[in-house]
Amino acid sequence: STQSTWGVHRKTDGSLNNMWRSLFRDMKFGVVSDEAAFVCTFGSKGSGDGNFNWPMGVCVDGDNHIVVADSVNNRIVVVARTDCSPVRTFGSRGAANGQFKTPHDVCVNAAGLIIVA
């Protein structure tokens with residue numbers, strides 16, 4: 001079936017050349033190889049650990065962890081690049097430091113800080 005994709009990030013490091021994408025309709029995240037095969041997928045619809053509710057922006061940090069903006073859950077989810085296992089989750093709904101209101105995109109700067117939009 002056709003997947004709606006929101007966030008896409010591609011990185012080349014000499015050993016792996018994969019594309020990461022948020023699978024918008026299915027409320028999960030996937031790593032896709034150059035041959036268009038899924039390396040791994042992570043998540044299902046919900047608000048608990050291992051769940052997403054409208055995963056949107058995606059990027060890769062300096063440790064090769066995948067960072068995903070989990071929009072409706074108002075949080076950021078970090079997963080391992082090789083097997084999509086969870087590394088950490090942070091954030092909640094609100095206006096204080098560490099809180100978000102529907103984050104749509106993420107990036108990681110040269111210092112390793114996650115920037116959320």
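The number of heavy atoms from other shown groups lying within 6.0 Å of CG (N109) is above 12.
The heavy-atom pair separating A80 from V87 by the smallest distance is N-CG2, 3.5 Å. Annotation for V79 and P86: closest pair CG1-CA, 4.1 Å, computed over non-hydrogen atoms. The two atoms that bring A69 and V106 nearest to each other are CB-CG1, 3.9 Å, heavy atoms only.
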Validation: residues 94-101 side-chain donor-acceptor distances under 3.5 Å, sequence neighbours left out:
residue	atom	partner	partner atom	Å
Q99	OE1	A95	N	3.4
Q99	OE1	A96	N	3.0
Q99	NE2	S92	OG	3.4

I would like to know whether K45 and N53 meet side-chain contact (heavy atoms from CB on, under 4.5 Å); could you show each step before the answer? CA-CA 6 Å; K45 185 173 182 170; N53 198 348; 4.2 Å; yes
Start with the C-alpha distance between V78 and I66, add both sets of side-chain angles, then the distance that settles side-chain contact (heavy atoms from CB on, under 4.5 Å), and finish with yes or no. CA-CA 6 Å; V78 181; I66 303 162; over 6 Å; no
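Considering only residues two or more places apart in sequence or on other chains, V108 meets the side chain to side chain contact (heavy atoms under 4.5 Å, CB included) condition with C59, D61, V67, I114.
Of the inter-residue distances, the one linking T102 atom OG1 with M56 atom CE reads 8.5 Å to the nearest 0.5 angstrom. We find the CZ-OG distance between F42 and S85 to be 8.0 Å, quoted to the nearest 0.5 Å. Taking OG of S47 as the start and CZ of F52 as the end, the distance is 12.5 Å to the nearest 0.5 Å.
Under a 3.5 Å cut-off, the side chain of D105 and the backbone N or O of A117 do not form any donor-acceptor pair. For the pair T89 (side chain) and V77 (backbone), a donor-acceptor distance under 3.5 Å is absent. With hydrogens and angles ignored, the 3.5 Å screen pairs a side-chain donor or acceptor of N73 with a backbone N or O of G46.
Here salt bridge (Lys or Arg N to Asp or Glu O under 4.0 Å) pairs that include residues 64-80, with residues two or more places apart or in two chains, are D70-R75.
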